[in-house]
Amino acid sequence: MSLMEIIEVPDPILRQQSQPVEDVNDELRGLIKNMLDTMYDAPGIGLAAVQVAVPRRLLVIDLQEPESEEEDAEAVRDPHVFINPEIVYRSDARKSYNEGCLSIPDQYAEVERPDIVRATWIDENGQRREGEFGGLMSVCLQHEVDHLNGVLFIDHLSRLKRDMIVKKVVKARRDKEKAAIL
Ligand code: GNR
Ligand code: NI
């Protein structure tokens with residue numbers, strides 16, 4: 001298992017435009033495996049390649065939702081891989097969700113986005129795919145596609161809230177580094 005380092009704000013890498021994947025080959029499938037391991041370890045429900053410093057249009061999602069309503073139901077792994085995803089339809093209806101981001105640790109805020117989206121993408125076998133998504137899958141897919149365009153969930157908030165969140169992350173990291181030295 002090979003875990004990758006997750007880049008955090010305000011690293012300018014997160015602002016890069018990710019470039020299309022040209023070839024779905026074993027090297028790419030190796031990267032996908034490492035991204036999934038990194039996402040499960042974090043833990044998170046999605047990860048864009050740019051978050052591990054690879055500015056390519058590639059993202060993974062696993063909502064890790066329990067398969068049944070049972071109290072002790074185990075989350076079954078159900079990884080989804082999206083290569084060169086394009087959102088081709090957004091509903092006018094919007095929905096708000098309390099979002100977080102592995103690149104903005106421990107900070108959450110309500111973000112409003114289209115409720116339903118349709119997307120096209122290529123899967124890990126190089127097959128063209130198309131699908132319609134609602135609920136958390138829709139939220140997560142839009143959050144990840146934003147990453148590919150250098151956009152973070154905090155960009156959907158007021159400048160005041162955004163700046164406050166980035167300051168908090170920077171301070172928390174500084175405090176943690178200080179504690180490690182003492
Ligand atoms: O783990 C994550 N949880 C999450 C919660 C609400 C909305 C979006 C997300 S995605 C996030 C992982 C991440 O940062 N992906 O880019
Ligand atoms: Ni994120």
Side-chain angles (χ1 to χ4, degrees), residues 3-21 28 31-66 74-87 90-91 93-117 119 121 124 131-158 161-170 172-173:
L3 299 180
M4 303 177 83
E5 190 192 337
I6 297 176
I7 305 292
E8 297 178 2
V9 287
D11 195 316
I13 290 177
L14 292 169
R15 296 310 190 174
Q16 283 188 27
Q17 275 285 332
S18 291
Q19 298 303 310
V21 171
L28 190 82
L31 171 61
I32 290 166
K33 166 85 166 57
N34 292 341
M35 283 174 60
L36 284 167
D37 287 343
T38 303
M39 179 185 75
Y40 291 128
D41 178 75
I45 60 169
L47 189 71
V50 69
Q51 293 180 276
V52 290
V54 179
R56 290 283 162 178
R57 302 190 79 82
L58 162 67
L59 60 94
V60 295
I61 293 177
D62 189 334
L63 302 181
Q64 292 268 49
E65 289 177 319
E74 264 193 49
V76 177
R77 282 192 179 183
D78 184 22
H80 296 270
V81 177
F82 295 83
I83 299 164
N84 298 341
E86 306 242 25
I87 294 177
R90 295 170 172 84
S91 68
R94 301 194 157 246
K95 204 163 199 161
S96 172
Y97 196 90
N98 195 30
E99 296 197 19
C101 181
L102 294 173
S103 297
I104 311 172
D106 303 319
Q107 302 300 319
Y108 300 87
E110 289 287 330
V111 177
E112 203 179 271
R113 299 181 186 272
D115 188 9
I116 310 284
V117 294
W121 70 97
E124 63 276 25
E132 185 167 285
F133 304 100
L136 185 53
M137 191 65 187
S138 169
V139 173
C140 193
L141 184 60
Q142 293 180 70
H143 174 116
E144 302 310 338
V145 170
D146 267 358
H147 273 302
L148 306 188
N149 297 322
V151 174
L152 302 170
F153 83 81
I154 52 176
D155 299 338
H156 297 281
L157 311 175
S158 69
K161 278 192 193 167
R162 174 165 64 247
D163 291 352
M164 240 164 53
I165 287 177
V166 174
K167 269 190 196 153
K168 279 192 198 169
V169 172
V170 170
R173 194 164 49 234

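All values below were derived from every heavy atom in this structure, side-chain atoms included, with hydrogens, water molecules and symmetry-related copies excluded. Just so it is clear, the structure is predicted and the values come from calculations on it, not from any experiment. Along the sequence shown, residues carry numbers from 1. Counting starts at 1 for both ligands and their atoms, following the listed order.
For Glu110, the CD atom sits in a packed shell: over 12 heavy atoms of surrounding residues, nucleotides or ligands are nearer than 6.0 Å.
The side-chain heavy atoms of Tyr97 and His143, taken from C-beta on, include no pair separated by under 4.5 Å. By the 4.5 Å heavy-atom criterion applied to side chains, Glu99 and His156 are not counted as neighbours.
Taking every heavy atom of Ile45 and a limit of under 4.0 angstrom, the matching atoms of ligand 1 come to 1 (O), 2 (C), 3 (N), 4 (C). Within the listing of ligand 1, atoms 10 (S), 13 (C), 15 (N), 16 (O) sit less than 4.0 angstrom from a heavy atom of Glu144. Near Cys101, meaning under 4.0 Å from any of its heavy atoms, are these atoms of ligand 1: 14 (O). Within ligand 1, counting atoms from 1 as listed, the ones closer than 4.0 Å to a heavy atom of His147 are 16 (O). Atoms of ligand 1 found under 4.0 Å from any heavy atom of Gly100 (numbered from 1 in listed order, with element): 4 (C), 5 (C), 6 (C), 8 (C), 9 (C), 10 (S), 11 (C). Heavy-atom proximity to Tyr97, at under 4.0 Å, picks out these atoms of ligand 1: 6 (C).
Distance check, rounded to the nearest 0.5 Å: CG of Asp41 to CG of Asn34 gives 12.0 Å. Of the inter-residue distances, the one linking Leu157 atom CG with Glu112 atom CD reads 11.5 Å to the nearest 0.5 angstrom.
Taking the charged nitrogens against the carboxylate oxygens, Asp163 and Lys167 have no contact shorter than 4.0 Å, which rules out a salt bridge.
The nearest protein atom to atom 14 (O) of ligand 1, hydrogens excluded, is given as Leu102 N, 2.8 Å; this is a heavy-atom distance. For atom 7 (C) of ligand 1, the nearest protein heavy atom (residue, atom name, distance) is Glu99 CG, 3.5 Å.
Residues forming a side chain to side chain contact (heavy atoms under 4.5 Å, CB included) with Arg90 (at least two apart in sequence, or on another chain): Ile87, Pro114, Val117. Listed by chain and residue number, Pro20, Val21, Arg57, Ile122 satisfy the side chain to side chain contact (heavy atoms under 4.5 Å, CB included) test with Asn84 (two or more places apart in sequence, or in another chain). Residues meeting the side chain to side chain contact (heavy atoms under 4.5 Å, CB included) test with Asp155, sequence neighbours left out: Arg15, Val151, Leu152, Arg162.
Heavy atoms of Met39 found under 4.0 angstrom from ligand 1: none, in either backbone or side chain.
In this pair, Trp121 and Phe133 present their aromatic rings tilted. The plane angle is within the 30 to 60° band.
Considering backbone and side-chain N/O atoms, His143 comes within less than 3.5 Å of an N/O atom of ligand 1.
With hydrogens and angles disregarded, no donor-acceptor distance shorter than 3.5 Å links the side chain of Asp37 to the backbone of Leu3.
Counting only distances under 2.8 Å, and ignoring water, the protein N, O or S atoms around the Ni ion (ligand 2) are Cys101 SG, His143 NE2, His147 NE2.
When the heavy-atom distances from atom 13 (C) of ligand 1 to Cys140, Gly46, Gly44 are ranked, the shortest goes to Gly46.
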